[in-house]
Amino acid sequence: MDWVLIKNLKHHVGKEVEIRGWLYNQRATGKIRFLILRDGTGTVQCVLVKDENTDLFNNTGDITQESSLILTGTVREEPRSPLGVEITPLSVKILAKAEPYPITLKEHGVDFLSENRHLWIRTPRQSAILRIRSTVQRACRDFFHSRDFVLADSPIITPAACEGTSTLFEINYHDEKAFLSQSGQLYNEATAMALGRVYCFGPTFRAEKSKTRRHLMEFWMLEAEAAFFDFEDNMKLQEELVHHLARTVLSENRDDLKLLKRDVEKLEAVSLPFPRLSYTEAVKLLNDLGHPFEWGNDFGAPDETAISDKFQSPVFIHRYPARIKAFYMEPDPENPDVILGADMLAPEGYGEIIGGSQRISDPTLLRQKIAEHHLPLESFQWYLDLRRFGTVPHSGFGLGIERTVSWLCGIEHVREAIPFPRTLYRMYP
RNA sequence: UCCUCGAUAGCUCAACGGUAGAGCAACCGGCUGUUAACCGGUAGGUUGUAGGUUCGAAUCCUACUCGGGGAGCCA
């Protein structure tokens, strides 16, 4: 007998199959018992009628929620089922009866669910989000491989801050100070000079005491860097990537989006090219919207939401004032007060999902910018070497995975977009 | 770091200065199509911690602990 995943049951109508999983819930009416099983790919209802199989009916009444079991049965078409099929069981083997399960099908609070994250992820909603995250991560890799980018991982333990100002997690590296990486970008620039087009994909760490629905202490970032890409090439690459992610999730995770009650029309409305607004135009837009904002300041979350609300697709804000952005960003030759960089804001108030720029390729200018930002020159010797040995124009960006997944799923908080979130005041479990 | 809200049964909440209660979960019973099933019953409490006010505190005050939302900063 074939072991079949629940998501594939509809291809086995009329056949006897084996399902391995856990009891999600059961309901009984005296002479009919409904066992709802889950196996990680979905849930299916198994219907036991007392008069048809009395022994099995009597032996399944005390199976508790989340008990593990192997069930065999016949797949039957059933229009009343959301899945389209139901199972008429032939046998049930209980592997382990679960103790009373803390997470019931009723409502729970955030604190309780977070404390039980290891069990919370078993619920259909959380499983759907994690499946979509998996699709997003795979689609990122597929996208870059189809465009001749090489995966080149950046280190997680680093000797100094990449960008200077952020608060980093400090670790003891054999009695030497070291830090958890807050960005793989500088290393990406090195591998891009070796391999041409590269990306890295891993966790990054920020020790800032941020406590909002958009922040995690540990989050995953996809960072790409390409030699000979200018600022425009860079934005085109970014919008095609994000468009590809939305399309892929729409085609591969329809059921999950439905389970999450995501308004898929909003994702279907995402189209190329994405709108582009200069920082100066964005400032004007905010003021026109009755949202006073002074040129030279950085946008806060409410500002970003006000801007992104005007568009159906993610929107680029480019040419920010140089002094509110990182030291390595290339000044605009037409106006050195602004840089050739852009942030991408997701629709519906999900905020910044990408930050990118063309990088300074001139060694003298880079040295000057490092000094202006009061960064220790000695830490950047290897980085300056990249400009000494055959420097070329190059550009890159970083995409925050949890914010992207949150947007695609339409969920409230990034903590649900990663299996085990690390938030300001919680790292258990 | 700052602002703000919260902590009562395993869970979600009520009681707002006068005998701590409900729904769900657990346990017992009933019900032939349930979708967080439903109906009846049983059991379940040092009201986050410490102190104070009061004849009397879950309730008012102070401090602390833990957590939620947000700002700043960022992805």
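These numbers were taken from a predicted model, which means no experiment stands behind them.
Using bins of under 30°, 30° to 60° and over 60° for the plane-to-plane angle, the ring pair A:F299/A:F293 lands in the tilted bin. Classification of the A:F169-A:F205 ring pair by plane angle, with boundaries at 30° and 60°, yields perpendicular. Ring-plane geometry between A:F143 and A:H244 is classed as tilted, the angle between the planes lying from 30 to 60 degrees on a 0 to 90 degree scale.
Considering A:I19, A:V85, A:V4 in turn, A:V85 is the only one that fulfils the side chain to side chain contact (heavy atoms under 4.5 Å, CB included) rule with A:V75.
In this structure, A:W120 has its ring center no closer than 6.0 Å to that of A:F112. Between A:F149 and A:Y199, the ring centre distance reaches or exceeds 6.0 Å.
In this structure the side chain of A:L56 reaches within 4.5 angstrom of the side chain of A:P89, judged on heavy atoms. Within the 4.5 Å cutoff, the side chain of A:D233 has no heavy atoms near those of the A:S395 side chain.
Between A:L168 atom CG and B:C74 atom P the separation is 13 Å, expressed in whole Å. Remark: P of B:G72 and CZ of A:F299 are 13 Å apart, rounded to the nearest angstrom. What separates CG of A:L180 from P of B:C74 is a distance of 20 Å, to the nearest Å. Counting to the nearest Å, the P atom of B:A75 and the CG atom of A:L241 are 16 Å from each other. A:R33 has its CZ atom 12 Å from the C1' atom of B:U34, to the nearest Å. Regarding A:E352, its CD atom lies at a distance of 11 Å from the C1' atom of B:C73, rounded to whole Å. Atom CG in A:L105 sits roughly 12 Å away from atom C1' in B:C11 (whole-Å rounding). Separating the CD1 atom of A:I354 from the P atom of B:C74 is a distance of 17 Å, rounded to the nearest angstrom.
B:G23 sits 27 Å from B:C66 when the C1' atoms are compared, rounded to a whole Å. Going from the C1' atom of B:G67 to that of B:C24 covers 23 Å, rounded to whole Å.
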Short heteroatom pairs, N/O only, protein and nucleotides 25-32 of chain B, under 3.5 Å:
unit_1 : atom_1 : unit_2 : atom_2 : d
B:U32  : O4     : A:D51  : OD2    : 3.1

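A cation-pi contact, defined as under 6.0 Å to the ring centre and within 45° of the axis, links A:R33 to A:F57. Cation-pi contact between A:K325 and A:Y320: present, with separation from the ring centre below 6.0 Å and deviation from the ring axis of at most 45°.
A:E208 and A:R206 are not joined by a salt bridge, as no carboxylate oxygen comes within less than 4.0 angstrom of a charged side-chain nitrogen. Salt bridge annotation for A:R38-A:E66: present, with a cationic side-chain nitrogen under 4.0 angstrom from a carboxylate oxygen.
Counting only Watson-Crick or G-U wobble pairs whose defining distances are both under 3.5 Å, the stems of 3 or more consecutive pairs in RNA chain B are B:1-7 with B:65-71, B:10-13 with B:21-24, B:26-30 with B:38-42, B:48-52 with B:60-64.
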- Do A:S91 and A:T72 pass the side chain to side chain donor-acceptor pair (under 3.5 Å) test, and can you show the C-alpha distance, the side-chain angles, and the key distance before you say yes or no? CA-CA 5 Å; A:S91 74; A:T72 65; 2.6 Å; yes

- Task: Dump the intermediate steps for side chain to side chain donor-acceptor pair (under 3.5 Å) on A:H394 and A:E189, then the final yes or no.
- Result: CA-CA 8 Å; A:H394 61 289; A:E189 290 186 54; 2.7 Å; yes

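Between the side chains of A:Q45 and A:S81, no donor N or O sits under 3.5 Å from an acceptor N or O.
Listed by residue number, the members of residues 15-27 of chain A with any heavy atom below 4.0 angstrom from RNA chain B are A:N25, A:R27. For the segment residues 303-317 of chain A, no residue has any heavy atom less than 4.0 angstrom from an atom of RNA chain B.
Side-chain atoms of A:E99 stay outside donor-acceptor range of the base of B:G10, with no qualifying N/O pair under 3.5 Å.
Using a 4.0 Å heavy-atom cutoff across all strands shown, A:E218 reaches no nucleic acid atom at all. The residue A:F34 sits close to a base: some heavy atom pair falls under 4.0 Å. Contacts of A:I103 with the nucleic acid, taken as non-hydrogen atoms under 4.0 Å apart, are absent.
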- Message: Output one letter per nucleotide in nucleotides 66-71 of chain B: B when a protein non-hydrogen atom lies under 4.0 Å from the base, S when only the sugar-phosphate is that close, - when neither is.
- Response: -SBBBB

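Considering every non-hydrogen atom in both A:M329 and A:S357, the closest pair reads CG-OG, 3.3 Å.
Residue pairs meeting the ring-ring contact (aromatic ring centres under 6.0 Å, His included) criterion with at least one partner in residues 21-44 of chain A, sequence neighbours excluded, are absent.
Judged by centroid separation below 5.5 Å and plane tilt below 30°, A:F219 stacks onto the base of B:A75.
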